[in-house]
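Chain naming here is simple, since letters A, B, ... match the order of the sequence lines and numbering starts at 1 in each.
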Protein chains: 2
Amino acid sequence: MPRILVVDDEEPIVELIRFNLEREGFEVIATGDGDAALKKVASEQPDLIILDLMLPGQDGLSVCRILRNDPNTRGIPVIILSARSEEIDRVLGLEMGADDYVTKPFSPRELVARVKARLRREAKTPGSLSGQFSRGPIIIDPERFSVTIKGVKYDLTPKEFELLCILAREPGRVFSREYLLERIWGYDYMGDSRTVDVHIRHIRQKLEQAPELPQLVETVRGVGYRFRENL
Amino acid sequence: MPRILVVDDEEPIVELIRFNLEREGFEVIATGDGDAALKKVASEQPDLIILDLMLPGQDGLSVCRILRNDPNTRGIPVIILSARSEEIDRVLGLEMGADDYVTKPFSPRELVARVKARLRREAKTPGSLSGQFSRGPIIIDPERFSVTIKGVKYDLTPKEFELLCILAREPGRVFSREYLLERIWGYDYMGDSRTVDVHIRHIRQKLEQAPELPQLVETVRGVGYRFRENL
DNA sequence: ATTCATTTTGATTAAATTTTAAGAATAATA
DNA sequence: TATTATTCTTAAAATTTAATCAAAATGAAT
């Protein structure tokens, strides 16, 4: 159930958008001014933001710029709403890091379509995030979703792979179970942190089939796990 | 500092791209028509080209073809910008084997991500050529929509063929259903991503009639599909 | 207008992955 | 050494995801 933040000070517009998005199964939160918007983003972690340009207080463009400069919010897609339809606006909005742009008056159906398209596109494009990297004899390639050790390929499941990626990106650093859960499972995951243990075990089982390899994933008792530093 | 050549005749779009690429530390040169583009390529030796399809004078497709036929420029990755219209798309995807492909309207962030991804693997991927190509014992012929394995020809339908083409052009790389839908069906396709599954099934059914062939199209559960790497 | 091939949808089944849970093993500490 | 806390191991339950099948919709060709 993706969560959408709508930032607009015109109440009827907000309600129009809310009605249409909720009908499609989205969760909608809304706010009418820029500063409040930034707070909501931090507290509610929306999956997408619909942002009007003319706002009381902080205006839409600066909100957008601020969102883009913060590593925590940089990844959240922003669709800009604007009354002015000049090209200059569109370009400016996109330069500020918006992902799409809808001019008022807009058709609700179109807006919903764009929201969906954007969420879908943002969702999964393996590889656009990061390229292949290696640690000692082991090569990790997100684009191919594979781990290769001495020429032998090992297939991991999604959770296993993500886990390994996070650990291997910073060898030596210890990651707590809680941190890993939040990164991989999401901040609102409500399950047991022992789940991590099981996945770590699966990774070990699969990778230790490779001969003459020291243990890659180390346990740090009472703290968490880390990827072996010197390989 | 990689140097990017942007070829597009819409000034605002060029500026949008320039702004975003320069912010990321790329050097950007730009031109608005096809003939000038070819000269710039020769004189400036860009590391990557972003090419709009609709250009005055020499159109994008011919520019691309000329670049591909010249040994000096064959290796330069080309990312194509397209407004997604049917026939252009077909030629683009099949005959030209574009390195990557972004549909308008696009998000600058996404474009930058693709540029980075493409530069990262520039070395490995040999510039794709038009016309038929082969992977192990299988020959793929975009002109005929056909696949030949050990002398036996198999006819595929258009969707099946496009799918196979995209997968087979980069064996080993995983493509998400979302990406495939966007490339083949268009960014505004509103259907179910399970559609891809059915076409994959059809491809498998047809091709596995060929004897003694390992599975060509591999499922990567939770992620997408990929073409078998070592054949 | 009918036929045929292709594409898409939906329901069902099968399979892989993830999660839970509980006892065994291990390390840390008194 | 005994105690305790923590992690490992295992298996099975629950969930998610993909394969399969059939039928409906679409579209092109006759």
Side-chain angles (χ1 to χ4, degrees), chain A residues 1 120 123-124 126 145-147 154-167 174-186 188-209 215-226, chain B residues 86-87 89-90 93-94 144-147 154-167 174-186 188-209 215-226:
Chain A
M1 225 50 19
R120 202 175 45 205
K124 286 181 188 172
F145 215 81
S146 72
V147 171
Y154 299 89
D155 283 315
L156 302 186
T157 68
K159 287 280 191 299
E160 290 162 15
F161 193 78
E162 274 194 84
L163 209 38
L164 183 66
C165 268
I166 291 179
L167 295 174
V174 187
F175 296 90
S176 71
R177 294 180 176 72
E178 289 69 28
Y179 177 86
L180 294 168
L181 279 176
E182 192 175 324
R183 280 275 305 264
I184 300 175
W185 280 262
D188 52 355
Y189 180 73
M190 286 280 101
D192 191 350
S193 80
R194 290 294 137 198
T195 296
V196 176
D197 298 30
V198 177
H199 288 290
I200 292 286
R201 165 155 174 69
H202 291 156
I203 293 174
R204 285 173 171 162
Q205 272 183 329
K206 287 184 179 173
L207 298 193
E208 82 195 358
Q209 290 168 20
Q215 178 160 75
L216 291 172
V217 180
E218 299 171 326
T219 304
V220 182
R221 198 161 236 268
V223 188
Y225 296 97
R226 75 176 159 217
Chain B
E86 305 303 316
E87 56 273 67
D89 227 47
R90 173 129 323 160
L94 302 184
R144 307 193 196 306
F145 276 34
S146 75
V147 167
Y154 301 89
D155 285 314
L156 301 186
T157 69
K159 286 280 190 292
E160 289 161 15
F161 192 80
E162 290 189 62
L163 211 38
L164 182 66
C165 250
I166 292 177
L167 295 174
V174 184
F175 295 90
S176 70
R177 294 179 174 73
E178 290 73 21
Y179 178 87
L180 294 168
L181 279 176
E182 186 176 327
R183 267 198 75 167
I184 300 175
W185 280 263
D188 50 0
Y189 179 74
M190 287 277 96
D192 192 350
S193 80
R194 290 294 138 195
T195 297
V196 175
D197 298 30
V198 177
H199 288 289
I200 292 285
R201 170 166 160 65
H202 292 154
I203 294 173
R204 284 173 172 163
Q205 274 182 329
K206 287 184 180 174
L207 297 192
E208 82 194 357
Q209 290 168 19
Q215 178 159 76
L216 292 173
V217 180
E218 299 172 326
T219 304
V220 182
R221 201 159 240 267
V223 188
Y225 295 96
R226 73 179 160 210

If you compare every side-chain N and O of A/Thr219 against the phosphate oxygens of D/dC8 (OP1, OP2), does one of them come in below 4.0 Å?
yes

Could you give the CD-to-P distance, from A/Glu218 to D/dC8, as a whole number of Å?
12 Å

Donor-acceptor pair under 3.5 Å: do we get one between B/Arg221's side chain and the base of C/dT17?
no

Students often get this wrong, so: under 4.0 angstrom with heavy atoms, is A/Phe161 touching a base, only sugar-phosphate, or nothing?
nothing

Pairwise side-chain contact, A/Leu163 with A/Lys159, heavy-atom cut-off 4.5 Å (strictly under):
no

Below 4.0 Å: OP1/OP2 of C/dT7 and any side-chain N or O of B/Tyr189
no

The test is salt bridge (charged side-chain N to carboxylate O under 4.0 Å, His left out); show your working for B/Lys206 and B/Asp155 and say whether it passes.
CA-CA 8 Å; B/Lys206 287 184 180 174; B/Asp155 285 314; over 6 Å; no

Walk me through whether A/Ile203 and A/Leu167 qualify under side chain to side chain contact (heavy atoms under 4.5 Å, CB included).
CA-CA 12 Å; A/Ile203 293 174; A/Leu167 295 174; 5.5 Å; no

Please check the phosphate of D/dT6 (OP1 and OP2 only) for any side-chain N or O of A/Tyr225 closer than 4.0 Å.
no

Whole angstroms only, please: what is the CG-P distance between B/Asp192 and C/dT7?
17 Å

Whole Å only: how far is the CD1 atom of B/Ile184 from the C1' atom of C/dT8?
15 Å

Round to the nearest Å and state the distance from A/Met190 atom CE to C/dT20 atom C1'.
16 Å

Does the side chain of B/Arg194 get closer than 4.0 angstrom to OP1 or OP2 of C/dA11 through an N or O atom?
no

Should B/Thr219 and B/Tyr225 count as side-chain neighbours, where that means a heavy-atom distance under 4.5 Å?
yes

Is the phosphate of C/dT20 approached by A/Thr195 (side-chain N or O, under 4.0 Å from OP1 or OP2)?
yes

Does any non-hydrogen side-chain atom of B/Thr195 lie less than 4.5 Å from one of B/Tyr189?
yes

Listed in order of residue number, which residues of residues 196-205 of chain B have a non-hydrogen atom at under 4.0 Å from DNA chain D?
B/Asp197, B/Arg201, B/Arg204

Side chain of A/Trp185 only, please: which of C/dT8, C/dT6, C/dT18 is the nearest?
C/dT18

Note, A/Arg183 side chain near A/Ile166 side chain (heavy atom, < 4.5 Å):
yes

To the nearest Å, give me how far apart CZ (B/Phe145) and P (C/dT6) are.
11 Å

Expressed in angstrom and rounded to an integer, what is the separation of A/Leu180 atom CG from C/dT19 atom P?
13 Å

Please give, in whole Å, the distance from C/dT17 P to A/Leu163 CG?
15 Å

Report the relative orientation of the aromatic rings in B/Trp185 and B/His199; use parallel for angles under 30°, tilted for 30 to 60°, perpendicular for over 60°.
tilted

